[in-house]
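Values reported hereafter were calculated over all heavy atoms of this structure, with side chains retained and with hydrogens, waters and symmetry mates removed.
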Amino acid sequence: MRKKPVVVILLLGAAVYAAAFFKFFDREPMPSPPKAFIKDTGIEVPVRTVSYYWGLGKEGYGSPWVTVQDKEAVIVPKHSILTFSFEKEPKSIPQIRQVISDGENKSVEMKSPYEVVLPDKEGVYVYSVDADWKDGGVQYVVKVGVGSTP
């Protein structure tokens, strides 16, 4: 008599698992990670993809510092605001950090969840942005020169 409750529990568990499996695959996945942009600055600031894990098996890894090490910094005025936007809205607020060196980051002054206020001190600054979607996550990087040539 005790076999019947065990069988019922196993069948219910299998049904829940099957429902979750079909719900996961019953949607149109994004074919590749969304691109990110800087908007409303009046100056084109390239946003580069550093690392990502996407869908079922697409991934790439890199370092923000190394990704922009040999790239020219885009010159922007002191106290500029970098506003990040994405092809598709992330599922949560992106995490934005200033990259000090390879492997060293620090938090930054945020005007809003998508906006970074650049410092008034002249110099070259590198910022990394981590964003997550239902299909995966991406790390981006930008390099700007505040108030002077790099």
Colleague: Working to the nearest 0.5 Å, report the span between NZ of K39 and CD1 of I81.
Modeller: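 Answer rounded to 0.5 Å: 12.5 Å.
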
Colleague: Kindly compute the distance separating CD (E89) from OH (Y114), expressed to the nearest 0.5 Å.
Modeller: 3.5 Å

Colleague: Could you measure the distance from the CD atom of E109 to the NE2 atom of H79? Nearest 0.5 Å is fine.
Modeller: 9.0 Å

Colleague: Run the side chain to side chain contact (heavy atoms under 4.5 Å, CB included) check on V68 and R48 step by step: do they pass?
Modeller: CA-CA 8 Å; V68 295; R48 293 176 172 82; 4.2 Å; yes

Colleague: With side chain to side chain contact (heavy atoms under 4.5 Å, CB included) as the criterion, how do E122 and K78 come out once you've worked through the C-alpha distance, each side chain's angles and the decisive distance to 0.1 Å?
Modeller: CA-CA 7 Å; E122 291 186 357; K78 295 178 181 180; 3.6 Å; yes

Colleague: Are the side chain of K143 and the backbone of K71 linked by a donor-acceptor contact shorter than 3.5 Å?
Modeller: yes

Colleague: Please determine which of S92, P33, P34 meets the side chain to side chain contact (heavy atoms under 4.5 Å, CB included) test together with W133.
Modeller: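 Passing option: P34.
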
Colleague: Between Q95 and V129, is there a side-chain heavy-atom distance shorter than 4.5 Å?
Modeller: no

Colleague: Is the F86 to Y140 ring centre distance short of 6.0 Å?
Modeller: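 They qualify: ring centres under 6.0 Å apart.
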
Colleague: Looking at every heavy atom in both S51 and G62, which two are closest together, and how far apart are they?
Modeller: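 Answer, listing the atom of S51 first, then G62: OG-N, 2.8 Å.
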
Colleague: Do D135 and Y53 have side-chain N/O donor and acceptor atoms under 3.5 Å apart?
Modeller: no

Colleague: Which of these, P64, S128, S107, sits in a side chain to side chain contact (heavy atoms under 4.5 Å, CB included) with R97?
Modeller: S128

Colleague: Please report the interatomic distance CG(D132) to CD1(I93), rounded to the nearest 0.5 Å.
Modeller: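 Between D132 CG and I93 CD1, I get 12.0 Å after rounding to 0.5 Å.
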
Colleague: Can you find a heavy atom in the side chain of T83 that is under 4.5 Å from one in the side chain of I38?
Modeller: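 The answer is no, as the side chains (C-beta and beyond) never meet within the 4.5 Å cut-off.
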
Colleague: Report the C-alpha distance between V142 and V126 in whole Å, list the side-chain angles of each, state the deciding distance to 0.1 Å, and finish with yes or no for side chain to side chain contact (heavy atoms under 4.5 Å, CB included).
Modeller: CA-CA 6 Å; V142 297; V126 176; over 6 Å; no

Colleague: Which heavy atom in P46 sits nearest to a heavy atom in E44, and how many Å separate them?
Modeller: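 Reported closest heavy-atom pair: CD-O, 3.7 Å.
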
Colleague: V146 and P119: which non-hydrogen atoms are nearest, and at how many Å?
Modeller: CG1-O, 3.4 Å

Colleague: Verify, without hydrogens or angle tests, whether E87 (side chain) and K35 (backbone) share a donor-acceptor contact under 3.5 angstrom.
Modeller: yes

Colleague: Around atom CD1 of I100, are there more than 12 heavy atoms from other residues, nucleotides or ligands closer than 6.0 Å?
Modeller: yes

Colleague: Is there a donor in the side chain of D102 and an acceptor in the side chain of S63, or the other way round, less than 3.5 Å apart?
Modeller: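 The criterion, which ignores hydrogens and geometry beyond distance, is satisfied for S63 and D102.
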
Colleague: Quick check: closest heavy atoms across S101 and V99, and the distance to 0.1 Å?
Modeller: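 S101 and V99 have their closest heavy atoms at O-CG1, 3.5 Å.
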
Colleague: Before you tell me yes or no, could you show the steps for I43 and V74 under side chain to side chain contact (heavy atoms under 4.5 Å, CB included), namely the whole-Å CA-CA distance, both residues' side-chain angles and the distance that decides it to 0.1 Å?
Modeller: CA-CA 8 Å; I43 300 168; V74 175; 3.5 Å; yes

Colleague: Do V108 and Y127 have side-chain heavy atoms sitting under 4.5 Å apart?
Modeller: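 In contact.
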
Colleague: In the single-linkage hydrophobic clustering (I, L, V, M, F, W, Y; side-chain heavy atoms under 4.5 Å), do V141 and W65 co-cluster?
Modeller: yes

Colleague: Is it true that L82 and V50 fall in one hydrophobic cluster, defined by side-chain heavy atoms closer than 4.5 Å?
Modeller: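 No; tracing contacts between hydrophobic side chains, which count when under 4.5 Å, never links both residues.
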
Colleague: Could you check whether any side-chain heavy atom of V138 comes within less than 4.5 Å of a side-chain heavy atom of W54, counting everything from C-beta outward?
Modeller: yes

Colleague: Going only through I, L, V, M, F, W and Y residues with side-chain contacts under 4.5 Å, is there a path from Y52 to V66?
Modeller: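 Cluster IDs for Y52 and V66 differ.
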
Colleague: Does some side-chain heavy atom of I96 sit less than 4.5 Å from a side-chain heavy atom of F84?
Modeller: yes

